Amino acid sequence: MIVDLRSDTVTKPTAAMRAAMAAAEVGDDLAGEDPTVNRLQSISAALFGFDAALYLPTGTMANQLAIRALTTPGTDVICAPRAHVYRYEDAGAARNAGVQMRPVEWQSLERELAGSHHHLPQVSLIAIENTVMAESGQPMNRDEIDPIQRIAQGAGVPVYCDGARIFNAALATKTAPRELVAGCAAMMFCLSKGLGAPIGSVLCGSRSFIDAARADRHRLGGGWRQAGIVAAAGIVALETMVDRLSEDHERAAAFADALAQRWPDALNASMVRTNIVCAQSAALPSDILGRLRIHGVLGATIDANTTRFIFHADITDEALQHAITALNRIEG
Ligand SMILES: Cc1ncc(COP(=O)(O)O)c(C=O)c1O
């Protein structure tokens with residue numbers, strides 16, 4: 001048995017997704033004529049309370065287009081220290097938008113923004129991430145988002161939400177997805193992670209923002225054609241895969257407990273509230289990933305200090321038990 005916990009992007013499309021893909025009505029999306037893409041975009045915009053949406057191949061492209069549309073070259077974008085837009089997009093913001101990422105702790109946001117009066121660069125955007133992937137998928141609730149938005153508004157800086165796993169955040173914080181992004185200038189969510197679709201993310205925002213993002217997508221060669229084939233799976237993902245995310249959260253918590261029982265210094269299991277388990281590599285046996293792999297259990301590292309396991313739709317209770325048994329077989 002192979003238990004692939006490297007990422008929630010490894011999920012395979014469900015039978016319902018494959019059937020929807022086979023039957024999808026399609027057209028030329030570059031001309032705005034793909035009815036299935038248009039439907040996915042309308043559903044998404046309505047779901048998150050925005051005027052318009054754009055279906056894209058990846059979450060990275062969504063983030064990059066948003067940063068290009070919402071910033072001015074030669075300014076800073078403030079984000080959390082371990083934000084995906086900062087650490088995991090190949091310095092795309094610098095290359096694509098000519099901006100510099102400034103990682104900050106949210107408690108010091110006000111002071112950081114005031115820095116622009118003291119020779120620090122102007123800040124053109126604040127990017128939040130929900131859930132915070134590299135922090136064991138921590139969900140942000142409104143009590144954490146409100147002060148960021150209040151300070152941002154005071155400084156006249158828009159807030160963007162990388163909501164790659166916003167449905168996990170909504171579930172864990174018991175908040176409607178649209179409430180979690182209310183007050184943001186724009187947001188994106190991924191269909192190809194916990195929701196199990198094979199491809200795709202959706203960027204949502206105002207009509208003029210989406211028009212700008214669409215034009216940039218074309219400039220970058222991302223103007224695809226009969227994308228309805230994959231958008232059809234995205235619609236099925238939204239309709240059928242959101243409610244089951246609680247199973248991933250429960251399994252991730254059980255795995256985190258098992259890991260913490262063996263290696264208590266590696267993680268605080270109570271921090272695991274969604275589908276991601278991050279542990280301190282130094283507190284785990286060296287080559288734990290190699291030793292798990294022998295038993296068919298795959299994990300990953302996301303930096304020199306962090307080992308990560310992600311739960312998703314293709315991990316059953318049996319797979320979870322197999323992974324826990326494999327953990328308990330490791331000596332040391
Ligand atoms: C928080 C976050 N944002 C953005 C992305 C980028 O998504 P994609 O892999 O579709 O480019 C990821 C991918 O893992 C992510 O975890």
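Given the structure is predicted, the values throughout are model-derived calculations rather than measurements. Just follow the structure's listing: the first ligand is 1, and inside any ligand the first atom is 1.
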### Task
Would you kindly say whether H249 and N168 are connected by a side-chain donor-acceptor distance under 3.5 Å?
yes

### Message
Whether the T9 and S192 side chains hold a donor-acceptor pair (N or O, under 3.5 Å, no angle test) is what I'd like checked.
### Response
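No, no side-chain donor-acceptor pair sits under 3.5 Å.
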
Residue part near ligand 1, for [X], under 4.0 Å between non-hydrogen atoms:
X: M61; answer: neither
X: R82; answer: neither
X: N63; answer: side chain

Decide, yes or no, whether a salt bridge links [X] with [Y] under the criterion of side-chain N to carboxylate O below 4.0 Å.
X: K193; Y: D248; result: no
X: E239; Y: R39; result: yes
X: R142; Y: D146; result: yes

Distance from [atom] to nearest protein heavy atom, with residue and atom:
atom: atom 11 (O) of ligand 1; answer: T60 OG1, 2.6 Å
atom: atom 10 (O) of ligand 1; answer: G59 N, 2.8 Å
atom: atom 9 (O) of ligand 1; answer: K193 NZ, 3.7 Å
atom: atom 3 (N) of ligand 1; answer: D162 OD2, 2.7 Å
atom: atom 12 (C) of ligand 1; answer: H84 NE2, 3.1 Å
atom: atom 16 (O) of ligand 1; answer: R165 NH1, 2.9 Å

### Query
With atoms numbered from 1 as shown, which atoms in ligand 1 lie under 4.0 angstrom from a non-hydrogen atom of A164?
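Answer, ordered by atom number: 1 (C), 2 (C), 3 (N), 15 (C).
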
## Note on the structure
If we number the atoms of ligand 1 from 1 as shown, the ones under 4.0 Å from a heavy atom of T58 are 10 (O), 11 (O)

### Message
If the test is side chain to side chain contact (heavy atoms under 4.5 Å, CB included), which one of T175, L180, T173, N130 qualifies with M140?
### Response
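The option that passes is N130.
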
### Task
On the 0 to 90° scale, with breaks at 30° and 60°, tag the F189-F167 ring pair as parallel, tilted or perpendicular.
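Plane angle over 60°, so perpendicular.
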
